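The model shown is predicted, which means the values in this text are computed figures rather than measured ones. When reading the values below, keep in mind they use all heavy atoms of this one structure, side chains included, and skip hydrogens, waters and symmetry mates.
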Protein chains: 2
Amino acid sequence: MRIEDIALEAGVSTATVSRVLNNPDLVKPQTRERVLEVVRRHEYTPNSLARGLMTKKSKTVGVLIISITNAYYMEITEAMQRRFRDAGLMMLLAATDDRPELERAYIREFAARRADGIIVIDASEENFSDGFFAREATRRPLVLIHSNAAITASPLDQVYVDQRLGMRRVMDYLVGLGHREVALLRGERGFSYDVKEAARAKWLSERGLPERPELVFRIADGNTEDAIPLAEEAVGAAIREGRLPSALFACNDLMARGAVNAATKAGLRIPEDLSIIGHDDTILAVSGRIQLSSVDLKMRSVGAAAAELLLSALHDEGSRPPRTVRIEPELVIRDSAAPPSPHTAPPHATPSHATNLHA
Amino acid sequence: MRIEDIALEAGVSTATVSRVLNNPDLVKPQTRERVLEVVRRHEYTPNSLARGLMTKKSKTVGVLIISITNAYYMEITEAMQRRFRDAGLMMLLAATDDRPELERAYIREFAARRADGIIVIDASEENFSDGFFAREATRRPLVLIHSNAAITASPLDQVYVDQRLGMRRVMDYLVGLGHREVALLRGERGFSYDVKEAARAKWLSERGLPERPELVFRIADGNTEDAIPLAEEAVGAAIREGRLPSALFACNDLMARGAVNAATKAGLRIPEDLSIIGHDDTILAVSGRIQLSSVDLKMRSVGAAAAELLLSALHDEGSRPPRTVRIEPELVIRDSAAPPSPHTAPPHATPSHATNLHA
DNA sequence: GTCCTTAATGTAAGCGCTTACATTTTGAGT
DNA sequence: ACTCAAAATGTAAGCGCTTACATTAAGGAC
């Protein structure tokens with residue numbers, strides 16, 4: 001069924017059918033109804049490829065993420081999809097597996113398909129720094145979602161998730177509770193870990209407090225299921241050897257959960273003997289007996305903001321100056337942190353550890 | 001940049017440029033190189049809308065799921081995306097929020113965009129039974145992913161996840177361990193709960209065992225985060241009132257986790273005092289101190305199979321008879337189930353409960 | 001050199017829409 | 001009944017590609 005068939009059957013020209021479909025009030029109610037009847041009877045749907053060819057709009061937005069099985073990304077994506085649904089846009093979704101060359105390839109593909117706009121979550125540093133995105137943004141609306149403060153000043157539409165603020169809030173809270181030291185548990189490699197570690201270091205140095213590298217614990221894989229046992233192992237060892245202070249921040253809930261398991265296994269009570277804070281506020285935070293305090297990155301707000309940014313760019317077409325929206329993470333306080341017990345030594349304290357406390 | 005610009009600059013006709021891009025060996029190596037040079041220099045990418053208009057192929061597949069923030073669906077989706085990437089197809093993703101009318105609308109939209117194929121996960125009963133999918137399948141490759149045994153015989157491409165088998169395996173295992181009764185914990189409404197409850201009932205009746213409706217526990221919401229506390233509450237009450245037998249199957253890991261929490265809180269040991277089996281084998285199964293045995297639905301295999309089915313349908317175009325692939329869930333055994341302790345009464349046993357055990 | 005087959009390229013007709021512009025209808029104003 | 005602007009519709013030119021068919025170039029065989 002093509003528009004011509006409908007036109008023939010309704011006894012009008014293709015232009016009129018097109019008008020009925022796109023600008024109904026340009027056509028006389030009577031004719032309109034006649035055309036619509038035929039359209040309905042044949043369940044005719046215009047070919048959007050042909051339409052897109054003419055209008056240069058595909059009603060499509062390309063969304064690029066690192067991994068599909070990642071609650072963080074998918075919450076953002078869901079929020080966007082909701083917004084786009086209302087705007088009549090469809091979403092092309094692709095995962096880069098954190099490979100910069102795939103990132104480029106997919107963006108090219110989006111371009112080839114004439115996506116009206118593109119959203120990239122946690123883009124690779126590489127493609128950003130060589131101006132690839134800046135160039136791309138001149139061709140069509142592009143919005144970046146990330147936590148990289150360095151990018152913030154670039155003239156690009158972006159949603160900046162201020163993880164440094166989140167980190168500050170964690171430190172404020174824990175230290176406010178009376179903890180003298182806060183250990184950090186992170187994955188070996190990954191931008192988000194670096195951001196958090198750096199933010200913690202900054203917080204400490206701003207207060208003239210020492211950064212003690214031995215309080216940063218690294219596990220090989222912080223992102224997948226394996227992070228839980230790995231974290232459990234690392235934290236278990238630290239407890240046994242008395243290397244753990246009274247508070248621990250884990251860079252995500254997976255690791256936090258592992259830490260909780262290790263502590264429980266070692267006979268430590270949470271939060272009395274050890275305070276633990278997680279990050280991302282995923283289902284894991286609320287799944288166990290003890291409910292983890294965690295940093296909520298507000299993914300839904302992030303997704304909504306990104307969608308809104310793109311939509312407005314689509315609308316204003318051209319002259320509009322790029323905007324950057326900053327999202328403030330929130331520390332969700334539950335039951336996994338408390339003041340360090342004054343009457344108790346830090347978990348399995350050793351003399352050397354006690355000394356370190358005053359370092 | 002259009003193909004014509006490239007042609008002009010390379011001093012050939014548009015047809016030749018098109019050939020260079022689509023059938024390189026139809027053109028003399030020397031000309032080919034000249035054209036490619038221009039293409040590269042301008043980073044020219046053919047407009048796939050125009051191409052699709054001619055070829056009647058969009059290199060796109062539409063994927064429809066109920067919710068984007070659902071680990072189950074996303075694992076399937078990730079497996080598909082991997083396969084489609086290799087095949088040069090892009091994925092349009094949309095969520096129906098379990099609304100049949102949205103399901104239809106999106107499928108129409110996929111059709112309008114001339115998606116080469118469509119995959120629907122857990123389609124609504126409604127759209128299936130009124131022949132909507134059957135009709136749709138005549139127009140373009142369509143594959144359904146579901147657990148509905150009733151559909152299995154339909155002449156449609158489908159991936160059938162045999163949850164009944166999974167349920168049987170759970171019952172075999174638990175009863176094999178020596179449990180006399182197995183409680184079921186489910187959400188109030190939802191097809192997947194019904195399937196499991198029915199499979200359990202069937203298993204029991206095949207063995208002449210009584211179905212005791214009071215051993216089926218329902219909570220209002222089994223799908224979201226709230227399921228954990230709701231399950232905890234329900235199971236906690238059942239324990240207190242001695243209504244819980246020595247084994248419990250939860251329809252998903254959320255509820256299983258809630259059950260574990262309730263048992264722990266009540267001072268019960270798992271698995272010694274209470275055996276618990278979860279379902280879906282998500283991260284929740286391995287996140288806590290006690291590792292939950294759970295039914296793995298093999299989502300990755302499901303996704304891969306669905307993609308393969310679609311790809312083969314795309315390839316054979318037409319005459320190919322529809323196939324249905326059956327996926328066998330697997331019971332992953334961890335630490336949450338054990339034989340009921342012979343020396344101990346069932347948890348908080350009451351006389352009436354003890355009587356029921358022999359019913 | 002001529003003839004003929006095959007390889008290489010060009011020409012032009014669409015694919016199914018939208019839309020600028022041209023033409024016809026309509027109806028209020030006189 | 002006649003004008004004329006406004007409303008309704010039609011005509012046809014593309015949008016940027018692919019591809020059937022036509023044409024030209026290349027290279028053996030004689």
Side-chain angles (χ1 to χ4, degrees), chain A residues 1-39 42-60 88 108-116 139-140, chain B residues 1-39 42-60 88 108-116 139-140:
Chain A
M1 265 292 149
R2 301 157 312 147
I3 199 173
E4 202 184 326
D5 303 320
I6 301 293
L8 240 52
E9 196 162 330
V12 297
S13 71
T14 61
T16 299
V17 177
S18 178
R19 281 185 204 107
V20 169
L21 265 21
N22 303 304
N23 288 85
D25 25 52
L26 284 188
V27 20
K28 188 179 356 177
Q30 184 185 333
T31 342
R32 191 194 309 160
E33 212 28 69
R34 189 151 36 93
V35 171
L36 280 178
E37 188 277 323
V38 182
V39 165
H42 292 291
E43 292 194 334
Y44 166 74
T45 348
N47 181 329
S48 40
L49 275 60
R51 176 179 292 188
L53 193 54
M54 270 307 293
T55 61
K56 292 160 181 325
K57 298 243 146 310
S58 61
K59 292 288 191 179
T60 301
R108 291 245 168 69
E109 185 62 33
F110 288 153
R113 286 159 185 268
R114 298 300 182 265
D116 296 332
R139 303 194 216 287
R140 89 203 76 247
Chain B
M1 266 293 149
R2 299 156 316 147
I3 199 173
E4 202 184 325
D5 303 321
I6 302 293
L8 241 52
E9 196 160 331
V12 296
S13 71
T14 62
T16 298
V17 176
S18 178
R19 282 187 202 105
V20 168
L21 265 21
N22 301 305
N23 288 85
D25 25 52
L26 284 187
V27 20
K28 191 186 341 185
Q30 185 185 333
T31 343
R32 191 196 307 160
E33 211 29 68
R34 188 150 38 93
V35 171
L36 279 178
E37 188 277 323
V38 181
V39 165
H42 292 292
E43 292 194 335
Y44 166 74
T45 347
N47 181 329
S48 40
L49 274 60
R51 176 180 291 187
L53 192 54
M54 271 306 292
T55 61
K56 292 163 181 328
K57 298 244 146 308
S58 62
K59 292 289 192 178
T60 301
R108 290 246 167 71
E109 185 61 32
F110 288 154
R113 286 160 185 266
R114 299 299 182 267
D116 296 330
R139 302 194 216 287
R140 88 204 77 248

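For B:Met54, there are no side-chain contact (heavy atoms from CB on, under 4.5 Å) partners two or more places apart in sequence or in a different chain. Applying the side-chain contact (heavy atoms from CB on, under 4.5 Å) criterion to B:Thr55, with sequence neighbours excluded, gives B:Arg51, B:Lys57. Evaluation of the side-chain contact (heavy atoms from CB on, under 4.5 Å) rule for B:Lys28 yields B:Gln30, B:Thr31 as partners, not counting sequence neighbours. Considering only residues two or more places apart in sequence or on other chains, A:Arg114 meets the salt bridge (Lys or Arg N to Asp or Glu O under 4.0 Å) condition with none of them. A:Glu33 meets the side chain to side chain donor-acceptor pair (under 3.5 Å) test with A:Arg40; sequence neighbours excluded. For A:Glu37, the side-chain contact (heavy atoms from CB on, under 4.5 Å) partners at least two apart in sequence or on another chain are A:Arg41.
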Please encode protein proximity along nucleotides 14-19 of chain C as a string of B, S and -, counting only heavy-atom distances under 4.0 Å. BBBBBB
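Between the two ends of the helix from C:dG1-D:dC30 to C:dT30-D:dA1, each summarised by a five-pair axis, the helix axis turns through 40° (rounded to 10 degrees).
Regarding A:Leu26, its CG atom lies at a distance of 16 Å from the C1' atom of C:dT25, rounded to whole Å. Between A:Glu33 atom CD and D:dA8 atom P the separation is 15 Å, expressed in whole Å. Between the CG atom of B:Asp25 and the C1' atom of C:dA7 there is a distance of 13 Å, rounded to whole Å.
The side chain of A:Lys28 sits closest to D:dA8 out of D:dA8, D:dG10, C:dG10.
Salt-bridge annotation for A:Glu43 and B:Arg139: present, with a side-chain N of the basic residue lying under 4.0 Å from a carboxylate O of the acidic one.
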Could you tabulate the donor-acceptor pairs under 3.5 Å formed by side-chain atoms of residues 16-24 of chain A, not counting sequence neighbours?
{"from": "A:Thr16", "atom 1": "OG1", "to": "A:Ser13", "atom 2": "OG", "distance (Å)": "3.4"}
{"from": "A:Ser18", "atom 1": "OG", "to": "A:Asn22", "atom 2": "ND2", "distance (Å)": "3.3"}
{"from": "A:Asn22", "atom 1": "ND2", "to": "A:Ser18", "atom 2": "O", "distance (Å)": "3.0"}

